[in-house]
Amino acid sequence: MTRAYLTTAASLMLLHGQAAPSLAAPRDRFYWLSEINKASAVMIVERGIVPKPFGAKIFDAITRVDDAGDKPGAARSGDYLKVEQDLMAAGGPDISRLHSGRSRQDIGSTMQRLITRDDFLTAFEKLSGMREAMLALATQAPDAILPAYTWGVQAQPITLGHYVSAYSSALEREAARMREAYARLNQSPLGAAALGTSSFPVDRPRLAELLGFDAPVDNSLDANQISPIDGGAELAGLATSGALTLGAFIADVTTQYAQTEPWIVLTEGSETGVSSIMPQKRNPAGLVWLRAEASTLIGEANTFVFIAHNVEPGMSDYKDFGNPKEYPNAMLRDMAALFAHADAVIRTMRFRAERALDEVNSDYSTTTELADALQREADVPFRIGHHFASELVNYGRGHHLRASEIPYAEAQRIYADIATNAKMETKLPLTEDQFRRSLTAENMINASKGLGGPQPAEVARMLGGAKDRLAADRAWLDTTRAKLADASRKLDQAFANLRDLK
């Protein structure tokens with residue numbers, strides 16, 4: 001009842017000797033066309049569009065065609081006109097009355113949404129897995145110190161938990177956008193006919209209910225011809241934002257990997273590679289291919305947007321009515337594959353706390369706190385303190401010293417020079433102990449007071465909230481899938497009831 005597929009991302013991974021993530025193959029067009037036919041059969045009998053006894057005849061024809069399609073090697077067409085021929089061969093020309101008030105347009109739009117719905121929920125599931133992997137990385141050492149960068153230059157020390165929480169927040173926004181998008185995706189076009197409904201009393205809300213949709217798309221022209229444009233663009237936006245967030249994280253980790261001793265490493269295994277000539281190499285292959293997969297996904301998203309922009313409404317190019325590329329679904333499947341691969345890569349990451357702290361201590365990113373301490377503890381204007389800290393950095397770098405190695409006497413001299421020019425008291429208003437403490441990364445982290453900062457209490461709060469929101473999103477996914485499974489059971493029962501109509 002399913003067909004296998006290989007995403008672009010999975011193809012890249014196989015090409016380079018990596019195992020592709022295991023993703024469930026989507027239910028095929030033949031399957032969903034049968035579900036649409038079953039829902040239509042139930043509705044036209046309930047609404048009296050066909051006589052009740054005719055329901056048993058429709059039941060028999062649909063069941064026979066389904067059974068034939070389930071045989072090994074059987075053709076499983078997703079084209080309604082081809083399936084209609086099989087239905088009429090099974091039950092006679094009268095079976096075409098099943099098509100009352102329908103068009104291949106609304107059937108195609110409905111089928112597209114049903115397939116997209118499956119792919120969408122799989123992508124959401126894989127996003128949740130990646131978020132869990134991120135949080136697991138943070139729990140390795142949430143309060144361990146590492147360097148943070150702006151303009152590619154070390155800026156301030158933060159903690160691993162603070163760092164991961166930032167990306168976790170971005171991925172939470174991705175999940176929130178996906179949940180909002182699902183409410184618009186899970187609406188039914190069925191019964192809109194080509195674009196203006198028909199003279200048959202088609203019960204569109206009932207069709208939506210039978211197929212697990214929350215409601216029908218209200219406007220029949222919008223249902224088939226307009227909503228696939230902005231709906232597809234919304235999916236493209238989700239694919240883009242997810243890929244960009246992951247791409248930024250991978251760029252961060254990849255950049256520090258160039259260090260002789262990186263502080264975030266991949267455990268040797270399926271996500272690392274070796275050189276055929278250089279025995280020392282342990283290449284971060286998983287990071288490299290993740291970045292390539294993210295770029296591919298962004299390219300697919302832009303391809304959809306360009307096609308939709310250059311085709312007028314009413315054409316099928318930006319939709320999925322038999323288009324072999326299947327743009328909306330290719331995006332979602334590659335999105336799911338990207339998140340699944342990221343989950344696997346992140347779970348191989350190991351954080352080296354001593355190395356990260358040494359990297360912080362090798363530069364001068366704590367001097368911001370020195371300026372802050374002068375203002376907070378001695379009422380020195382911030383710009384004066386900033387100037388002093390900047391000159392201290394120049395001295396230290398000029399003498400190949402770490403911040404902790406700068407002589408206190410030299411610090412006093414530098415401060416006196418700056419204070420003299422500012423016509424201020426020339427004595428450095430910090431004891432040597434205060435001066436040394438203000439330049440430590442530990443002090444700078446613990447001195448942070450602001451909401452969302454790197455201090456342990458805030459990191460614990462943010463990570464705890466992230467875990468709660470992930471649990472809520474997983475509960476939403478379980479509830480959503482349970483509702484769809486319940487709707488499918490009710491459709492099967494309603495359709496089976498047609499068998500006994502007389």
Side-chain angles (χ1 to χ4, degrees), residues 142-163 165-166 169 252 255-256 259 263 353-462:
D143 298 327
I145 297 169
L146 77 163
Y149 294 79
T150 60
W151 291 82
V153 176
Q154 192 176 144
Q156 290 184 340
I158 57 173
T159 63
L160 179 64
H162 188 250
Y163 175 73
S165 177
S169 295
D252 264 359
T255 297
Q256 61 90 46
Q259 296 277 351
W263 47 95
E354 291 184 5
R355 173 67 189 98
L357 180 59
D358 185 65
E359 184 67 17
V360 170
N361 290 337
S362 70
D363 207 346
Y364 289 83
S365 60
T366 59
T367 51
T368 298
E369 174 57 21
L370 175 61
D372 287 350
L374 283 167
Q375 177 176 306
R376 189 174 60 249
E377 298 177 22
D379 202 28
V380 174
F382 175 76
R383 194 53 57 197
I384 299 299
H386 182 279
H387 187 190
F388 165 61
S390 181
E391 288 301 316
L392 202 69
V393 170
N394 289 338
Y395 173 86
R397 286 176 174 165
H399 290 80
H400 306 291
L401 300 173
R402 291 188 172 201
S404 61
E405 297 170 340
I406 295 175
Y408 180 62
E410 289 298 326
Q412 291 176 308
R413 179 188 61 76
I414 293 169
Y415 182 83
D417 289 346
I418 291 169
T420 298
N421 291 334
K423 298 180 180 178
M424 294 174 52
E425 169 60 44
T426 59
K427 181 181 178 182
L428 177 61
L430 296 176
T431 67
E432 183 168 1
D433 283 346
Q434 289 174 317
F435 172 72
R436 298 290 179 206
R437 184 171 62 254
S438 69
L439 288 174
T440 66
E442 294 85 352
N443 174 74
M444 187 168 179
I445 296 296
N446 292 324
S448 296
K449 302 295 184 186
L451 177 73
Q455 62 270 36
E458 276 298 280
V459 168
R461 179 187 66 81
M462 290 185 288

Evaluation steps, side chain to side chain contact (heavy atoms under 4.5 Å, CB included), between Asp252 and Tyr163: CA-CA 11 Å; Asp252 264 359; Tyr163 175 73; 2.8 Å; yes

Expected output: side-chain Thr431 to main-chain Gln434 donor-acceptor under 3.5 Å: yes

Minimum heavy-atom distance between Ile445 and Pro454, given as atom pair plus value: CG2-O, 3.5 Å

Side-chain donor/acceptor of Gln455 to backbone N/O of Ala457, under 3.5 Å: no

Interatomic distance, Thr368 atom OG1 to Leu439 atom CG [nearest 0.5 angstrom]: 10.5 Å

Please report, to 0.1 Å, the donor-acceptor pairs under 3.5 Å made by any side chain of residues 387-398, with sequence neighbours excluded.
from   : atom 1 : to     : atom 2 : distance (Å)
Arg397 : NH2    : Asp363 : OD1    : 2.8

Closest approach of Val459 to Pro142 (non-hydrogen atoms, all atoms of both residues): CG1-O, 4.1 Å

Side chain proximity check, Ser404 to Thr440, heavy atoms < 4.5 angstrom: no

Distance (rounded to the nearest 0.5 Å) between Ile418 CD1 and Thr426 OG1: 12.0 Å

pair Asp358-Arg402: side-chain heavy atoms closer than 4.5 Å: yes

Pairs satisfying ring-ring contact (aromatic ring centres under 6.0 Å, His included), at least one member in residues 419-445, at least two apart: Tyr408-Phe435

Residue pair Arg461 / Leu451, side-chain heavy-atom distance below 4.5 Å: yes

Glu359 vs Gln256 side-chain heavy atoms within contact, under 4.5 Å: no

Pairwise side-chain hydrogen bond (donor to acceptor under 3.5 Å, both in side chains) hits with a residue in residues 442-454, at least two apart: none

Interatomic distance, Trp263 atom CH2 to Leu160 atom CG [nearest 0.5 angstrom]: 12.5 Å

Side chain to side chain contact (heavy atoms under 4.5 Å, CB included) between Arg355 and Gln259, intermediate numbers included: CA-CA 11 Å; Arg355 173 67 189 98; Gln259 296 277 351; 3.6 Å; yes

Closest heavy-atom pair and its distance - Gly385, Val380: N-CG1, 4.0 Å

Shortest non-hydrogen contact from Gln375 toward Phe382: OE1-CB, 3.0 Å

Heavy-atom pair with the smallest gap, counting every atom of Ser365 and Gln154: OG-OE1, 2.9 Å

Pairwise side-chain contact, His162 with Glu458, heavy-atom cut-off 4.5 Å (strictly under): no

For Pro147 against Val360, the heavy-atom pair lying closest together: N-CG2, 3.4 Å

Residues Asp433, Arg436: salt bridge by 4.0 Å N-O rule: no

Over 12 foreign heavy atoms within 6.0 Å of CD, Glu354: no

Any side-chain heavy-atom pair of Pro157 and Thr366 under 4.5 Å: yes

Test side chain to side chain contact (heavy atoms under 4.5 Å, CB included) applied to Ile145 and Ile158, step by step: CA-CA 6 Å; Ile145 297 169; Ile158 57 173; over 6 Å; no

Value rounded to 0.5 Å, distance of CG in Leu374 from NE2 in His386: 12.5 Å

CD-NE2 distance between Glu405 and His400, expressed to the nearest 0.5 angstrom: 12.0 Å

Test salt bridge (Lys or Arg N to Asp or Glu O under 4.0 Å) applied to Arg437 and Glu369, step by step: CA-CA 10 Å; Arg437 184 171 62 254; Glu369 174 57 21; over 6 Å; no

Met424 side chain reached by Pro381 side chain, heavy atoms, under 4.5 Å: yes

